[in-house]
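Take a look at the structure set out below.
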Amino acid sequence: MKEISRIAAGVQASTTLKVDALFKQMKADGKDVVGFGAGEPDFDTPDNIKEAAYKAIRDGQTKYTPFNGIPALRQAVVDRLQADCGVSYTPNQIIVASGAKHNIYVALQVLLDPGDEVILPAPYWVTYAEAIRMAGGVPIVIVAPESADFKITASQLDAAVTAKTKLFIFNNPSNPTGMLYNEDELRALADVCIKHDLYVLSDEIYYKLLYDDKKFTSFASLSDDIKERTIIVNGVSKTYAMTGWRIGYTASSAKLAEVMGNYLSHATSAPSTISQIAAVEALNGPQDGVEEMRKVFEARRDYIYERINAIPGISCRKPDGAFYVMMNIEKLIGKTLGGVEIKNSDDFSLSFLENGLVALVSCAGFGIDNFLRLTYAASMETIKEGMDRLERFVGR
Ligand code: PMP
Ligand code: GLU
């Protein structure tokens, strides 16, 4: 038999989703396992959003929609971006797809030619690196150390640019670090992007989940020049606890939106009609549920931060947003935990899952070692139990 595509054969399965599948399988097998793996809000989708979906089905709204999304949803996105981020778009600049992950995939397919370089700060969300390669691009990874709060500087970005650089991709606030770039830091990065004529993919999906009164600045809001070269990625999964509905969106130049729409018209057409109608309600309806969830996440972040830093041998920085925390296990390297010699973060995560019955994500797949990502998108009860198990496991 002839070989399958070299690009496809090289794609690694998502480590976050792999951990999640393993965790769910162990649970189904009757094991008392605690999960801090895949990051998805543990809250249910609010009732007003569900009602909009029931109504859509009852009203017979069950047909295809325009391939770039229903006009009401693209208008709702425009209104929300204006209200929350102070950026003005028109509906023809908005593309709706089947989850923000799908939007990222399409954006990369549309922007990259084989061999184009994409600058990617590590630690990064695992999907970026693979989606860049799936589009024939080459990820150029620059490491943002913990000592810099996992944020790159403008001079690091500048030094990584070559004649082949097409795009800079980043996530603010960040999965996996939870750190937030402030406006000054963003402006410095934006200057480099303009100087070298780069596109920017700014994934802002956690923009509503910020703590300690931190203020969010959308990359596109910095100037008209930066807005023209920026693709904002966002969606309803995190903000409205709608991960299973699969609705994401981009805002970009009208030209890029047109090409992404053409691409989608062959790839998938529009996402589920029912989900799009539910997303209109999410974006246009009452927003108080978002603030309630944010407060709960903030209390959990405070708790998990205190507990991790109280355990000898491990530590973490206090995240500004999202629902992740990066646990530093450098001091445990060389120790034996759960009968396994810990040489790296993969060893720790496997031994902790098998012998401590807690699922978390090794950051090897995020471009750095000796860190584990925990999500606090889990109930306080689960977090307490997980922290107790962590204390016992590390204390062995
Ligand atoms: N971007 C980031 C940084 C994420 O963590 C996620 C979560 N899966 C996504 C995009 C995609 O979200 P979704 O496809 O559910 O909209
Ligand atoms: N974004 C979440 C995470 O990083 C969900 C899983 C995924 O899609 O990667 O855990």
Side-chain angles (χ1 to χ4, degrees), residues 11-24 35-43 45 69 73 77 94-108 120-132 134 150 169-181 201-210 216 219 231-251 264 268 271-272 275-276 278-279 282-283 297 319-326 349 359-367 371-378:
V11 176
Q12 303 293 315
S14 161
T15 43
T16 49
L17 295 181
K18 249 179 15 194
V19 167
D20 193 47
L22 200 57
F23 162 71
K24 285 180 176 145
F36 296 120
E40 64 175 336
D42 51 314
F43 305 103
T45 304
L73 180 51
V77 168
I94 308 301
I95 292 289
V96 175
S98 301
K101 191 181 275 189
H102 190 210
N103 283 108
I104 293 165
Y105 173 81
V106 173
L108 292 169
L120 173 62
Y124 48 77
W125 179 44
V126 59
T127 286
Y128 299 139
E130 293 299 336
I132 292 165
M134 284 153 77
F150 301 109
I169 182 169
F170 79 124
N171 180 211
N172 194 39
S174 158
N175 173 7
T177 71
M179 294 306 177
L180 178 77
Y181 287 88
L201 192 150
S202 179
D203 182 344
E204 305 184 349
I205 198 157
Y206 295 100
Y207 81 122
K208 284 285 212 183
L209 297 178
L210 287 180
F216 175 74
F219 205 66
I231 300 170
I232 294 183
V233 172
N234 211 319
V236 296
S237 283
K238 318 289 172 176
T239 309
Y240 304 99
M242 290 177 72
T243 46
W245 298 75
R246 311 309 304 132
I247 297 290
Y249 58 85
T250 49
L264 278 169
T268 47
S272 147
S275 293
Q276 291 189 66
L283 295 171
F297 282 130
D320 301 316
F323 36 59
Y324 305 101
V325 62
M326 294 285 280
S349 68
L360 30 72
V361 184
S362 160
C363 289
F366 297 164
F371 286 88
L372 280 301
R373 188 195 79 175
L374 285 83
T375 174
Y376 44 94

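Everything numeric here is computed off the predicted structure, so don't read it as measured data. In this chain, numbering begins with 1 at the start of the sequence shown. Whatever order the structure lists ligands and atoms in, that order sets their numbers, starting from 1.
Under the 3.5 Å distance criterion, the side-chain polar atoms of Arg246 are left unmatched by any main-chain donor or acceptor of Ala97. Between the side chain of Glu40 and the backbone N or O of Gly244, no donor-acceptor pair lies under 3.5 Å.
Listed by chain and residue number, Ile152, Phe168, Phe170 satisfy the side chain to side chain contact (heavy atoms under 4.5 Å, CB included) test with Pro121 (two or more places apart in sequence, or in another chain). Shown here are the salt bridge (charged side-chain N to carboxylate O under 4.0 Å, His left out) partners of Lys18, two or more places apart in sequence or in another chain: there are none.
Considering all non-hydrogen atoms of both residues, Tyr124 and Ala129 come closest at CE1-CB, 3.7 Å. Across all non-hydrogen atoms, the minimal contact from Leu108 to Ile132 is CD1-N, 3.8 Å. Closest approach of Ala241 and Thr45 over heavy atoms only: O-OG1, 2.7 Å. Closest of all the heavy-atom pairs between Ser14 and Val126 is OG-CG1, 4.1 Å.
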Ligand-protein N/O pairs under 3.5 Å (ligand 2):
unit_1   : atom_1 : unit_2 : atom_2 : d
ligand 2 : 1 (N)  : Lys238 : NZ     : 3.3
ligand 2 : 4 (O)  : Trp125 : NE1    : 3.1
ligand 2 : 4 (O)  : Asn175 : ND2    : 3.0
ligand 2 : 4 (O)  : Arg373 : NH1    : 3.0
ligand 2 : 8 (O)  : Lys101 : NZ     : 2.9
ligand 2 : 9 (O)  : Thr16  : OG1    : 2.6
ligand 2 : 9 (O)  : Trp125 : NE1    : 3.2
ligand 2 : 10 (O) : Gly39  : N      : 2.7
ligand 2 : 10 (O) : Arg373 : NH2    : 2.7

For each nitrogen or oxygen atom of ligand 1, which protein N/O atoms lie closer than 3.5 Å, and how far apart are they, rounded to 0.1 Å?
unit_1   : atom_1 : unit_2 : atom_2 : d
ligand 1 : 1 (N)  : Asp203 : OD2    : 2.6
ligand 1 : 5 (O)  : Asn175 : ND2    : 2.7
ligand 1 : 5 (O)  : Tyr206 : OH     : 2.6
ligand 1 : 8 (N)  : Lys238 : NZ     : 3.4
ligand 1 : 14 (O) : Ala100 : N      : 3.2
ligand 1 : 14 (O) : Lys101 : N      : 3.0
ligand 1 : 14 (O) : Arg246 : NH2    : 2.8
ligand 1 : 15 (O) : Ser237 : OG     : 2.7
ligand 1 : 15 (O) : Arg246 : NH1    : 2.8
ligand 1 : 16 (O) : Ala100 : N      : 2.7
ligand 1 : 16 (O) : Ser237 : OG     : 3.2

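No option in Phe216, Tyr324, Trp125 other than Tyr324 meets the ring-ring contact (aromatic ring centres under 6.0 Å, His included) test with Tyr206.
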